[in-house]
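What follows is a single structure, written as structure tokens, with notes after it.
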Amino acid sequence: MDLFTINDVLAYAVGEHVVLNERRGNIAYEVVTAWVSPRFRRLNLAVSMYCNLMEQASCSSFVCDVLQGSLDHIVRSSFWFRCLRALHLMPFIVREQRESYEVVTQDGKKERFERLVINTAPILSILKVKKCASYIRRRLPGVALLSGCVLITAVFVLARYRTC
């Protein structure tokens, strides 16, 4: 039987369900610790892990601490998040963004983290629409433009949802 070593791990995330607001009974999923191998950080593995956790956790909020500037990097690297920012919808998605803590690495560098509280509903809606568009594209290759229009329509529906 082949065993894997720590060098075989590309990324991980560990979390738990927590109560954000006892009066309202808001349950969130909080990532307690997460890590991505420096060799694979450009692959957006953290974003994929967090999206999978959001789908599996079935909570209205998702709480995580990320390196300062990570949210801006995610928005810049994703067409859909750039659209959401252009429509001024990011405050609806990221409910809270504040300084969290600071650590000193083995190299002696300081890393600063910020805490994000994310509203999962719009993210999960976008993921569902993207999956649907991907399915349509695979089944009907000639309608790639149509599936793009469906995604853009979903972004505008979110904009409308925000103003209600």
Side-chain angles (χ1 to χ4, degrees), residues 1-134 151 154-155 158 161-162:
M1 176 157 110
D2 291 335
L3 297 177
F4 70 91
T5 66
I6 194 68
N7 293 330
D8 297 324
V9 177
L10 303 180
Y12 67 82
V14 178
E16 63 186 350
H17 287 90
V18 296
V19 177
L20 278 185
N21 185 326
E22 286 188 41
R23 278 189 311 147
R24 289 195 263 156
N26 289 356
I27 304 292
Y29 189 82
E30 180 175 11
V31 174
V32 179
T33 184
W35 174 83
V36 175
S37 169
R39 299 175 302 183
F40 299 97
R41 286 203 174 134
R42 300 246 181 239
L43 297 179
N44 283 335
L45 289 176
V47 174
S48 296
M49 280 192 312
Y50 286 179
C51 287
N52 285 332
L53 285 171
M54 283 181 206
E55 287 179 312
Q56 293 173 17
S58 300
C59 291
S60 61
S61 298
F62 187 81
V63 181
C64 58
D65 293 308
V66 297
L67 282 171
Q68 280 187 342
S70 293
L71 181 60
D72 289 331
H73 169 73
I74 292 167
V75 170
R76 282 192 312 270
S77 66
S78 166
F79 171 75
W80 301 110
F81 283 119
R82 287 194 310 270
C83 289
L84 293 170
R85 180 175 273 171
L87 293 169
H88 305 288
L89 291 172
M90 288 308 289
F92 176 68
I93 294 171
V94 180
R95 290 184 184 154
E96 183 181 323
Q97 181 178 10
R98 63 177 167 81
E99 287 186 16
S100 182
Y101 63 91
E102 181 178 290
V103 296
V104 178
T105 65
Q106 289 177 339
D107 307 3
K109 297 178 186 174
K110 285 185 181 179
E111 289 184 340
R112 291 187 175 170
F113 289 80
E114 58 187 358
R115 172 152 289 214
L116 303 177
V117 178
I118 299 167
N119 180 6
T120 60
I123 301 293
L124 295 176
S125 297
I126 289 170
L127 290 173
K128 285 178 184 175
V129 171
K130 283 180 70 173
K131 285 179 184 178
C132 180
S134 177
L151 284 171
V155 169
L158 281 174
Y161 178 63
R162 177 183 156 244

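For clarity, every value in this text was computed on a predicted model and none was experimentally measured.
We find the CD1-CZ distance between I74 and F81 to be 7.0 Å, quoted to the nearest 0.5 Å. The structure places CD1 of I93 at 5.0 Å from CD1 of I126, a figure rounded to the nearest 0.5 Å. The CG atom of N119 sits 9.5 Å away from atom CE of M54, with the distance rounded to the nearest 0.5 Å.
Remark: R76 engages no residue in a salt bridge (charged side-chain N to carboxylate O under 4.0 Å, His left out) (not counting sequence neighbours).
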Let me check something: any side-chain donor-acceptor pairs from residues 66-73 under 3.5 Å, sequence neighbours excluded? List them with distances.
unit_1: S70; atom_1: OG; unit_2: L67; atom_2: O; d: 2.9
unit_1: D72; atom_1: OD1; unit_2: R85; atom_2: NH2; d: 3.0

May I have the list of side-chain donor-acceptor pairs in residues 110-118 shorter than 3.5 Å, sequence neighbours left out?
unit_1: R112; atom_1: NE; unit_2: E102; atom_2: OE1; d: 2.7
unit_1: R112; atom_1: NH2; unit_2: E102; atom_2: OE1; d: 3.4
unit_1: E114; atom_1: OE1; unit_2: Q97; atom_2: NE2; d: 3.2
unit_1: E114; atom_1: OE2; unit_2: Q97; atom_2: NE2; d: 3.2
unit_1: R115; atom_1: NE; unit_2: D65; atom_2: OD1; d: 3.1
unit_1: R115; atom_1: NH1; unit_2: E30; atom_2: OE2; d: 3.1
unit_1: R115; atom_1: NH2; unit_2: E30; atom_2: OE2; d: 2.9
unit_1: R115; atom_1: NH2; unit_2: D65; atom_2: OD2; d: 2.9

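Residues L45 and F40 share a closest heavy-atom pair of CD1-CB, 3.8 Å. Listed here is the closest heavy atom pair of C59 and A28: SG-C, 3.8 Å. Residues C51 and I123 come closest through the heavy atom pair SG-CG2, 4.4 Å. Closest heavy-atom contact between W35 and V9: CZ3-O, 3.6 Å.
The shortest side-chain heavy-atom distance between I27 and V18 does not fall under the 4.5 Å cut-off.
Of the possible polar contacts, none joining the S78 side chain to the V75 backbone as a donor-acceptor pair under 3.5 Å is found. T120 places a side-chain N or O within 3.5 Å of a backbone atom of S60 that can act as its donor or acceptor partner.
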